[in-house]
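Single-structure report; data block below.
Just so it is clear, the model here is predicted, and its values are computed rather than measured.
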Amino acid sequence: RNTALSRRTVQIYQQIGLWSELQSHACRIDAVQISEQGSFGRAQLKREEEKVESFGQVMENAWLGRKLLLAAQNEPLITLIDNADVVAVEQQDDGVTLTFNYYDGTSNEGKGEQQLQGSVLVACDGRDSTVRQLLGITTKDYDYQQTAIVGVVETDKAHQHIAIERFSPAGPLAVLPLTDPEGDGNNDYQNGFRRSVVWVCPKGEEQQYLDDDAHFLATLQQAFGERAGNFTATGRRGAYPLMRVLATSQVKGRCVIMGNAAHTLHPVAGQGFNLCMRDAHVLAQMLSEQIEKGADIGDKQMLKRYEKSRQTDQKRVILFCDAVVHGFTHSNPVIKLARNVALVAFDKLPNIKPLVATYAMGLKS
């Protein structure tokens, strides 16, 4: 799996001193091409026209996760407790108590219940968040009836740092530039034939694309045409059912839920991870301000201010993702004509591209 990092996410990593560790395996996006299979609509964003260094970076999750874990391990103020299952959350007037079962990794036998106490609890435990359920926070769920197949492919045409977003009747597809295995994807002298692919298909059809490399490559070729060149090889692929899961509240007392626990989105346009990063950055700033003032970092009013401050950015991203997914999978010929006219207008009319590019890069929140 790979992640597209927006410009704002890259800026956050720079501010906290981690980008120098991550950059060697990041591949910048210089241009974004958008089109619909079998239609006339086309649009393109170019970094030169938008006067930006790049629209973002693409990085393999294995590298990103390894470097972030190492940073956490090397931070003396962080204590990592792995192999633990949270079983209870209790809130007091002046703190939060977290109860968990700890496993030492040598057997399936737990080492008994243990507890942690703190002023605030921030839970980033995924779409099926245990903490969210223990807090009694409900969700609004929507099943897209789609499955995302993700992996890495190779083409006979260099990617030239171009991301391709392609819409098909089955769902949105994306091919993103990746680094070569040995080095820095920002190096212009690299060949750059590796690409990250996200292929969305109707639920129930995914197994044929997982089992048969030749069929998967042929299907990609049919969907993308010659835009990426010829698809020549593919690695192992994973399949992930697509659901929108939105928590009805992201703060309860001294507890904050964040990341996919708060909002799990469709992967179209790669907005989900970057939205989570902006959430985390804002909360970290607000907690730092509380510490500098000598105030309570679990102050309920402050945490509610955090929740309110993130609503505009979150709602905009959620609406954008759903509009793109539903708008480009609708088979009505009138709607299909309208969206292709809109693509052409987006490509030709002045002042629209900079606005959309700013939002996509996470620079306006």
Side-chain angles (χ1 to χ4, degrees), residues 1-6 8-13 15-16 18 22 56 59 61-62 64-69 71-72 75 78 80-82 84-86 89 96 98 100 116 118 120-142 148 150 198 238 240-288 297-298 303-304 306-318 320-322 362 365:
R1 297 184 69 175
N2 309 279
T3 296
L5 309 177
S6 71
R8 181 62 188 133
T9 294
V10 171
Q11 289 174 354
I12 292 171
Y13 282 135
Q15 290 170 15
I16 62 177
L18 288 180
L22 297 172
M59 187 176 298
N61 286 10
L64 178 62
R66 187 181 306 122
K67 288 297 182 179
L68 295 181
L69 178 59
E75 171 52 62
I78 295 177
L80 288 176
I81 302 174
D82 207 351
D85 291 331
V86 175
V89 176
V96 185
L98 185 76
F100 62 96
L116 290 172
V120 63
L121 169 65
V122 182
C124 317
D125 51 343
R127 186 187 74 178
D128 301 320
S129 170
T130 298
V131 172
R132 186 186 65 214
Q133 295 174 41
L134 290 171
L135 291 172
I137 297 175
T138 59
T139 60
K140 294 180 179 179
D141 302 347
Y142 177 80
V150 299
V198 180
Y240 304 90
L242 298 182
M243 293 276 296
R244 182 186 68 218
V245 180
L246 304 178
T248 54
S249 175
Q250 295 176 32
V251 171
K252 187 167 185 178
R254 290 176 171 269
C255 300
V256 183
I257 58 169
M258 188 173 286
N260 281 355
H263 39 67
T264 299
L265 308 181
H266 196 286
V268 65
Q271 293 295 308
F273 177 82
N274 297 293
L275 179 62
C276 295
M277 281 292 293
R278 298 197 293 276
D279 290 345
H281 188 61
V282 169
L283 180 60
Q285 288 179 315
M286 296 180 74
L287 294 179
S288 295
I297 61 172
L303 295 179
K304 279 295 184 182
Y306 155 76
E307 183 179 38
K308 185 176 181 180
S309 73
R310 297 301 301 142
Q311 288 179 352
T312 300
D313 191 16
Q314 291 174 1
K315 287 179 180 179
R316 183 178 61 239
V317 171
I318 293 164
F320 170 76
C321 290
D322 276 359
S365 58

Which heavy atom of Tyr13 sits nearest a heavy atom of Leu5, and at what distance?
CE1-CD1, 4.4 Å
Looking at Arg132 and Ala261, would you say the former's side chain and the latter's main chain have a donor-acceptor pair under 3.5 Å?
yes
Nearest 0.5 Å, please: how far is NE2 in His281 from CZ in Arg278?
11.5 Å
Ala247 versus Thr139, closest heavy-atom pair with distance
CA-CG2, 4.1 Å
Side chains of Ile318 and Leu265, heavy atoms from C-beta outward: is any pair under 4.5 Å?
yes
What heavy-atom pair brings Arg127 and Pro241 nearest, and what distance separates the two atoms?
NH1-O, 4.0 Å
Is any side-chain heavy atom of Lys67 closer than 4.5 Å to one of Leu18?
no
Tell me if a side-chain donor or acceptor on Glu307 pairs with a main-chain N or O of Leu303 at a distance below 3.5 Å.
no
For Asp322 and Tyr142, what are the C-alpha separation, side-chain angles and deciding distance, and is it a side chain to side chain contact (heavy atoms under 4.5 Å, CB included)?
CA-CA 11 Å; Asp322 276 359; Tyr142 177 80; 5.8 Å; no
So, taking the atom named CD in Gln250 and the one named CZ in Arg310, what distance separates them when rounded to the nearest 0.5 Å?
9.0 Å
Which atom of Val89 lies closest to which atom of Cys255, heavy atoms considered:
CG1-SG, 4.1 Å
Restricting to non-hydrogen atoms, name the atom on Ala72 and the atom on Ile78 that form the minimum distance, rounded to 0.1 Å.
O-CB, 3.8 Å
Value rounded to 0.5 Å, distance of CD1 in Ile257 from CG in Leu135:
7.5 Å
Donor-acceptor pair, Thr248 side chain versus Thr138 backbone, under 3.5 Å?
yes
How long is the span from the CG atom in Leu98 to the CG atom in Leu116, to the nearest 0.5 Å?
6.0 Å
What do the steps show when you test Thr130 against Asp125 for side chain to side chain donor-acceptor pair (under 3.5 Å), and what is the final call?
CA-CA 7 Å; Thr130 298; Asp125 51 343; 4.6 Å; no
So, using side chain to side chain contact (heavy atoms under 4.5 Å, CB included) as the criterion, who are the partners of Asn260 when residues are at least two apart?
Thr264, Cys276
Work out which heavy atom in Gln133 is nearest to a heavy atom in Asp128; give both atom names and the distance.
NE2-O, 3.2 Å
Are there more than 12 heavy atoms of other residues, nucleotides or ligands under 6.0 Å from atom NZ of Lys308?
no
Straight-line distance of Phe320 CZ to Leu275 CG, nearest 0.5 Å:
12.5 Å
Would you compute the distance between atom OG1 of Thr9 and atom CG of Leu22 and round it to the nearest 0.5 angstrom?
11.5 Å
